[in-house]
Amino acid sequence: MDPASQDINLNSPNKGLVVDNAETLSDVPVEGAVGNAANPLPPGLTEEEAEELRVELTKVEEEINTLRQVLSAKERHATELKRKLGLSPLTELRQNLTKSWQDVQTSNAYKKTQETLLQAGQKTSAALTTVGTTLSKKLGDMRNSATFKSFEDKVGNLKYKVVGPKGNGEAVSSPTDSTPTQENPPF
């Protein structure tokens, strides 16, 4: 079988058949057949128009495959050039992130947001300073109040009753302690 005479059109009803160059199978009429039974013609389309469209589709598909092959070869070549230049995917990613961050920083939206946040931070700082000052003043006023002084006296009396007169951090032994404390307990 001669490959030059074989019909390679995948949409052709004659695909895979050996075609005589003098007479094609499409010229042979088939009784009662209108178009291809497996692939009927759309209304308003003649067999010749359908065949022209199939030929054009085949050419476009071949062009697409050729372009894919060319793109693949170009991508391999670009990868090889990057490898020779010492550019790794990580380096490219870092460069892309750096460029993107610089683009963001130079954008008007970023500048406006930065100014707004700066102003908000200054106002928040001023408000917290005011709250801190007010709290300090209120705590000072509370400490000087009669209620707080009464509470302080009661806590002092309670401490004296619990700890005793040696309340300056020295340990007080209980009357029930009969054994001196050991420096290294057995457990």
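Quick note: residue numbers are just sequence positions, from 1.
The line from CG of L81 to NZ of K74 is 10.5 Å long, rounded to the nearest 0.5 Å. L97 contributes atom CG, which lies 11.5 Å from atom CD of Q102 (distance to the nearest 0.5 angstrom). Between E63 atom CD and T58 atom OG1 the span is 11.0 Å, to the nearest 0.5 Å. Between the CG atom of D103 and the OG1 atom of T98 there is a distance of 10.5 Å, given to the nearest 0.5 Å. In this structure, CG in N96 is found 7.0 Å from CD in E92, a value given to the nearest 0.5 Å. Interatomic distance, OG of S107 versus CD of Q114, reported as 10.0 Å (0.5 Å rounding).
The main-chain N or O of Q69 is never found under 3.5 Å from a side-chain atom of S72 such that the two would form a donor-acceptor pair. Under the 3.5 Å distance criterion, the side-chain polar atoms of S125 are left unmatched by any main-chain donor or acceptor of Q122. Within the 3.5 Å criterion, the main-chain N or O of L87 finds no donor-acceptor partner in the side chain of T91.
Within a 6.0 Å sphere centred on CD of Q105, heavy atoms belonging to other residues, nucleotides or ligands number more than 12. With a 6.0 Å radius and a threshold of 12 heavy atoms from other residues, nucleotides or ligands, F151 has its CZ atom at or below the threshold. Residue N108 qualifies as open at atom CG: its count of foreign heavy atoms under 6.0 Å is 12 or below.
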Show me the side-chain donor-acceptor pairs of residues 130-140 shorter than 3.5 Å, one per line, residues at least two apart or across chains.
unit_1: T130; atom_1: OG1; unit_2: A126; atom_2: O; d: 2.9
unit_1: T133; atom_1: OG1; unit_2: T129; atom_2: O; d: 2.9
unit_1: T134; atom_1: OG1; unit_2: T130; atom_2: O; d: 2.8
unit_1: S136; atom_1: OG; unit_2: G132; atom_2: O; d: 3.0

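Electrostatic pairing of E80 and R83 counts as a salt bridge here, judged by a charged N lying under 4.0 Å from a carboxylate O. Checked for salt-bridge contact, E51 and R54 meet the test: a charged N lies under 4.0 Å from a carboxylate O.
Taking every heavy atom of both residues into account, E49 and T46 meet most closely at OE1-N, 3.1 Å.
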